[in-house]
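Atoms within each ligand, like the ligands themselves, are counted from 1 in listed order.
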Amino acid sequence: MEPHGGNLRRASERYGTPAGGWLDFSANINPLGIPPVLKEALHRVVEEELEHYPDPDCKQLVTVLAQYHGLDRENVLCGNGASELLQLALQIWPKGRLLLPVPSFIEYEQAARLGGHEPVFFPLTKNEGFVPDMDRLCAQLDQCDGLVLGNPNNPTSVLLSKADLLRLGATGKRLLVDEAFVELTLGGEDNSLARHLQDFPNLIIVRAFTKSLAIPGLRLGYALGHKNTVQALKKRQIPWSVNRGAQAVGEVFPFLAEHREKTKAWLSTERDYLWEGLNCLPGITAFQPATNFILCQYKKEVGPLADALARCGILIRPGENFRGLDSCWFRVAVRSREENQCLLSALQEVLPNV
Ligand SMILES: Cc1ncc(COP(=O)(O)O)c(C=O)c1O
C-alpha cells in the first residue's frame with residue numbers, strides 16, 4: 001500500500017485516470033488552493049530568477065518568518081518541506097529512547113530509526129478518543145530522552161491543549177512538535193508553541209506551508225528552535241535545499257490575512273459538516289476532528305471500500321500502515337461543500353455493496 005496519501009500517479013496506474021480527474025480525499029490539502037498572489041510570486045521567479053542560485057540562507061524568508069513569530073532570525077531555519085526538518089531534527093539529537101505516541105505520522109518512526117534512536121511507542125486508544133492521558137505520557141517520558149508529537153496529530157486529528165504542551169515542555173526533555181497542520185485549526189497560532197519557544201531550550205517546532213497554502217508540489221517548511229539547535233540543523237542541511245520559487249512564495253506568507261480568514265470560514269463549517277455526515281453512514285464511526293482531516297473506522301476491511309470509491313474517481317487514505325491501526329481504518333480530508341457532498345453520496349451508494 002501507499003506509504004502516504006496523495007499519490008495520483010500511482011492511483012492512475014492502478015485504476016486508470018477518471019474522466020474528470022481525481023477527487024483526492026487522501027491528502028490533507030487546503031481546498032481553497034494556492035492564493036493568487038503566490039502564483040504571481042512564482043511566475044516572477046520563473047521569468048526573472050531561475051538562472052541564479054537561490055539564497056542558501058533564505059535570508060528574506062527567515063526574516064519575515066522571525067517577524068511573524070516575534071522571534072530572532074537565529075531561531076528560524078527553512079527547509080524542503082516539514083519532512084526534511086523532521087529528519088534533520090532527529091539527526092542532531094543525541095541517540096536515545098524516543099517516545100512516539102501512535103498512531104501518528106509514519107515519518108516520525110522512520111526519522112527516529114534513521115537518527116539511530118530507539119522508538120518507544122505510546123498507544124493512543126480509540127476508547128480515549130486518541131487523546132493521550134497526560135499523567136501516563138509524562139510518566140513514560142520520564143523513562144525516555146525525548147518525545148515526538150504531532151499537534152494536531154495525523155491521522156487522529158487530535159489537538160493537545162496549551163496547558164498539556166507546557167506541561168510536556170516543563171519536563172525539560174527533548175521535545176519535537178510537528179505543527180504542520182496548526183494553521184488548519186480554528187485557533188491557528190493560539191494553538192502553536194511558537195510563542196513559548198524561548199522558555200524551552202530543548203524544544204524544536206516544525207511547521208509546513210504545504211497544507212495551508214496548498215503547495216505540496218513546491219516543498220517548503222521551517223523549524224523554530226534555540227539558536228544553537230538551528231545552527232546544528234543547518235550544518236546537516238544540503239546547500240540550496242529551498243529553491244527560489246519556494247522562498248518567494250514563503251516570503252508572502254505573513255501577508256495572507258485574507259486567505260487565513262477564508263480558510264477559517266471554510267473550516268469552521270465544512271469540518272463538522274463532513275464529520276457529522278460520515279457518522280450518519282451505516283458502519284462508519286468518525287472521530288471528532290480538530291483539523292482538516294477525519295479518522296474513521298469501518299465495520300469491515302476498508303480495501304474493497306477504497307477500491308469502489310476509486311472506481312468513482314474518489315481517493316481516500318486507508319489507515320492500515322499507521323502503527324496502532326488495522327485494515328478497518330481510513331482517513332479523509334475535509335474539502336469544499338460540493339466535494340464533501342460528493343464523497344458522502346458516493347459512500348452512500350457503495351457501502352451496501354462492499
Ligand atoms: C503531520 C505531518 N507532518 C509533516 C508532513 C510533511 O509535510 P511536508 O509535505 O511539508 O514535508 C506531513 C505530510 O503529510 C504530515 O502529515
Side-chain angles (χ1 to χ4, degrees), residues 1-8 10 24-31 34 38 58 61 65 76-91 100-112 114 124 130 147-160 165 175-185 191-194 204-224 233 237-238 241-243 245-247 249-250 253 289-295 315-319 321-325 329-334:
M1 83 170 277
E2 287 303 311
H4 299 293
N7 194 334
L8 302 187
R10 291 278 274 271
D24 185 13
F25 285 85
S26 74
N28 308 316
I29 304 300
N30 187 341
I34 305 174
L38 298 193
C58 303
L61 176 54
L65 290 173
V76 184
L77 180 73
C78 297
N80 195 267
S83 301
E84 183 193 26
L85 298 155
L86 291 169
Q87 296 251 350
L88 288 175
L90 296 187
Q91 283 173 31
L100 305 182
V102 288
S104 60
F105 185 43
I106 59 175
E107 299 284 330
Y108 304 157
E109 180 180 341
Q110 281 170 13
L114 269 178
L124 302 165
F130 297 101
L147 170 67
V148 182
L149 198 71
N151 201 47
N153 186 44
N154 179 10
T156 59
S157 205
V158 166
L159 180 77
L160 288 191
L165 293 170
L175 187 56
L176 173 55
V177 182
D178 175 3
E179 296 187 350
F181 288 97
V182 82
E183 286 155 44
L184 290 163
T185 62
N191 293 322
S192 170
L193 264 187
I204 303 178
I205 299 171
V206 169
R207 301 276 298 242
F209 290 95
T210 311
K211 321 291 178 179
S212 61
L213 301 186
I215 51 165
L218 200 56
R219 315 304 304 137
L220 181 61
Y222 59 101
L224 303 174
L233 291 170
Q237 193 175 34
I238 294 171
S241 175
V242 184
N243 68 70
Q247 290 186 30
V249 159
F253 168 73
T291 183
N292 64 323
F293 52 85
I294 304 176
L295 180 63
L315 295 177
I316 60 170
R317 165 73 159 92
N321 70 336
F322 285 105
R323 185 179 286 277
L325 300 183
W329 293 83
F330 67 99
R331 189 196 68 198
V332 288
V334 179

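Nearest protein neighbour of atom 10 (O) of ligand 1, counting heavy atoms only, is T210 OG1, 2.4 Å. Scanning the protein for heavy atoms near atom 7 (O) of ligand 1, the closest one is A82 CB, 3.6 Å. Closest to atom 6 (C) of ligand 1 among all protein heavy atoms lies S83 OG, 3.3 Å.
The distance from ligand 1 to the heavy atoms of G81 drops below 4.0 Å at these ligand atoms: 10 (O), 11 (O). Close contacts between ligand 1 and A180 involve ligand atoms 2 (C), 3 (N), 4 (C) [criterion: under 4.0 Å to a heavy atom]. Near Y108, the atoms of ligand 1 lying under 4.0 angstrom from a non-hydrogen atom of the residue are 1 (C). The contact set between ligand 1 and A208, taken as ligand atoms under 4.0 Å from a residue heavy atom, comprises 10 (O).
At least one side-chain heavy atom of F130 sits under 4.5 Å from a side-chain heavy atom of L295. Side chains of D178 and Y108 form a contact here, defined as non-hydrogen atoms less than 4.5 Å apart.
Closest of all the heavy-atom pairs between A214 and N30 is CB-O, 3.6 Å. Contact between I29 and N292 at its shortest, heavy atoms only, is N-ND2, 4.1 Å.
The heavy atom nearest to atom 11 (O) of ligand 1, considering only R219, E179, E107, is found in R219. The residue from L220, D178, N154 that puts a heavy atom closest to atom 2 (C) of ligand 1 is D178. Between K211, R317, Q87, it is K211 that holds the heavy atom closest to atom 13 (C) of ligand 1.
Between the side chains of E179 and S192, at least one donor-acceptor pair of N or O atoms lies under 3.5 Å.
Between F253 and F209, the ring-plane angle classifies as perpendicular under the 30° and 60° cut-offs.
Under 4.0 Å is where a charged nitrogen must lie from a carboxylate oxygen, and between R219 and E84 no such pair does.
Heavy atoms of other residues, nucleotides or ligands lying less than 6.0 angstrom from CD1 of I238 number 12 at most.
With a 4.0 Å cut-off on non-hydrogen atoms, F209 does not touch ligand 1 at all.
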